[in-house]
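Beneath this line is the structure, given in structure tokens, with notes to follow.
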There are 2 protein chains.
Amino acid sequence: MSNKLKVLIVEDEPVIAENISIYLDNNDFEVSAIAYDSEEAFAQLKTNTPDAAVLDINLESDQDGIDIAAYINKEIQIPFLFLTSYSDKHTLDKAKQVKPSGYIVKPFNEKTLLASLEIAISNFASEKNSSQPKLSMEKINRHLLSPLTEREFEVAQLAYNGITNSQIAEQTFISLNTIKTHLKSIYLKTEANTRYGLIVQLRQLMAK
Amino acid sequence: MSNKLKVLIVEDEPVIAENISIYLDNNDFEVSAIAYDSEEAFAQLKTNTPDAAVLDINLESDQDGIDIAAYINKEIQIPFLFLTSYSDKHTLDKAKQVKPSGYIVKPFNEKTLLASLEIAISNFASEKNSSQPKLSMEKINRHLLSPLTEREFEVAQLAYNGITNSQIAEQTFISLNTIKTHLKSIYLKTEANTRYGLIVQLRQLMAK
DNA sequence: AATAAAATCACCCCGTTGGGGGATAAGGTT
DNA sequence: AACCTTATCCCCCAACGGGGTGATTTTATT
């Protein structure tokens, strides 16, 4: 089995599509398919889901590349780049709405395409993993008048993951009473006064 | 006051830097500064913080563009692109670690630079706003055996924001008992059994 | 018009949680 | 040695939240 990353190319110009395909093939990517129109693109996305996509915006169908991108965001969730001749304000504004990983304007440096693809896939993967955005003690303490101590942070983390005081006590091999003591101190410092208030507070501090 | 977006250029080749600068200036960006080495880059980032940065990787200083990117991530938090001649595996792998918004290889299409900058800034802004990631009823229900009703979702949202049942009751003009009833139903459907368990659950469902 | 689903409300009970104290031991600093 | 912070633990108690059970009204849907 190959561990090459599969890329779908959506490009209505056969010559260009073929070029891209060959270039990707020669550089450690596997082209899962070339779609010359949106119908083919949707079909490929469903049945032969790639790891990423390179999308032309102007296609000779009623649905353009941005529609495909919207579909990807809603149903497939893979990173994608736009590769197009148009970079006027209107097109760009529409492109922004679907949050592409990159936007390359033709004529383009093929190395830019490769590099952008790699970065896009890498960023996307690390974002997925950070779905459980680990709390950073540094970051949180930066926003608190009085910083959390290590133990307190540890308890806060466990509470953040939605477990009860007894479970926290078990996992840390600390008495339940001590957990409560730590939590009291945490509440003082974070100005929270409920456990769920704390979770919300931590979420917000991490987002700053 | 100008509402143009300020961009810092870090590029050790004066000719190229100047070119980029002029091009950006002519296209609705304001070049906050050109830094020819990392020291200047750090200084500019601190004292004249831009909205985005274009970074060359290979600089003639001991610190390269990736170091600058790391600094940006840690201290400044703005989007940035790499614009460089090198796209070998090693450089790319190092670049991946700092999660650039884009990676453009020289020689480059200037329109690609512009478009990439716009997209980068737009994506970054919308990510920041999603710090308060609004819950999507669609997205959550997609992962539940039995979907939340509208009222239930509304209550879940309020709970997600860390307020008490009484406060939820006040805000929705519903009796406290009814809030509790809705919550019971929500717990059944989400398989949570505490309010904070629910918050964690919702966070995870939204991340999928 | 009949039926199902959703929304509204009530009461009881108990467990966890949160806030009030108070206390001792370990580690680091001056 | 004196001092401060951190970490550990205990008890009490009120309050909020979660679970059980039941019931009525409103809104869709057929």
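All values derive from a computational prediction rather than experimental measurement. Naming: A, B, ... by sequence-line order, numbering from 1 per chain.
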Practice task
Mind calculating the distance between CG (B:L176) and C1' (C:dC11) to the nearest angstrom?
Solution key: 12 Å
Practice task
Please determine if A:R203 forms a cation-pi arrangement with B:Y160, meaning its NZ or CZ atom is less than 6.0 Å from the six-membered ring centre and no more than 45° off the ring axis.
Solution key: yes
Exercise for the section: For C:dT16, take OP1 and OP2 only and decide whether either is under 4.0 Å from a side-chain N or O of A:S166. Expected result: no
Handout entry: B:K180 vs B:E150, nearer the 5' end of DNA chain C by closest nucleotide
Key = B:E150
Exercise for the section: In whole angstrom, give the distance that lies between atom CD1 of B:I168 and atom C1' of C:dC9. Expected result: 16 Å
Handout entry: Nucleotide C:dG15, atom P - distance to CZ of A:R195 in whole Å
Key = 18 Å
Exercise for the section: Check B:P100 against B:A95 and note the closest heavy-atom contact, atom names and distance. Expected result: CD-O, 3.2 Å
Problem - Passing option when A:E152 is tested against A:K189, A:K184, A:H182 for side-chain hydrogen bond (donor to acceptor under 3.5 Å, both in side chains) - result: A:K189
Problem - Whole angstrom value for the distance that separates P of C:dA7 from CD1 of B:I186 - result: 10 Å
Practice task
Figure out the CD1/C1' separation between A:I199 and C:dT17, and round it to whole Å.
Solution key: 13 Å
Completion exercise
The ring-ring contact (aromatic ring centres under 6.0 Å, His included) partners of A:F42 (sequence neighbours excluded) come to A:Y71
Exercise for the section: Might you point out which heavy atoms bring A:K6 and A:T49 nearest each other, and give the distance in Å? Expected result: NZ-O, 3.7 Å
Handout entry: B:V105 vs B:S85 side-chain heavy atoms within contact, under 4.5 Å
Key = no
Completion exercise
In short, the helix from C:dA1-D:dT30 to C:dT30-D:dA1 is bent end to end, axes from five pairs each side, to 10°, by 60°
Exercise for the section: Identify whether the distance between the nearest side-chain nitrogen and carboxylate oxygen of B:R142 and A:E75 falls below 4.0 Å. Expected result: no
Practice task
Could you tell me whether A:R195 sits above the aromatic face of A:Y187, with NZ or CZ closer than 6.0 angstrom to the six-membered ring centre and within 45 degrees of the axis?
Solution key: no
Handout entry: Length of the line joining B:I179:CD1 and C:dA6:P, which is rounded to integer Å
Key = 17 Å
Practice task
Under 4.0 Å from any heavy atom of chain A: name the first and the last nucleotide of DNA chain D that qualifies, 5' to 3'.
Solution key: D:dT6 to D:dG17
Completion exercise
Contacts of B:Y196 and B:I174 projected onto DNA chain C by closest heavy atom; the upstream (5') one is B:I174
Practice task
For B:E40 and B:Q44, test the side chains for any donor-to-acceptor distance below 3.5 angstrom and give the result as yes or no.
Solution key: yes
Handout entry: Proximity to the side chain of B:T181 - top-ranked nucleotide from C:dT8, C:dT17, C:dG19
Key = C:dT8
Handout entry: A:Y187 vs C:dG18: side-chain N/O to OP1/OP2 distance below 4.0 Å
Key = yes
Practice task
For A:N177 and C:dT24, give me the distance from atom CG to atom P, rounded to whole Å.
Solution key: 16 Å
Practice task
Provide, to the nearest angstrom, the distance between the NZ atom belonging to B:K184 and the C1' atom belonging to C:dC9.
Solution key: 10 Å
Practice task
Could you check whether A:S175 gets within reach of a base, just the sugar-phosphate, or nothing at all, counting any heavy atom under 4.0 Å?
Solution key: sugar-phosphate
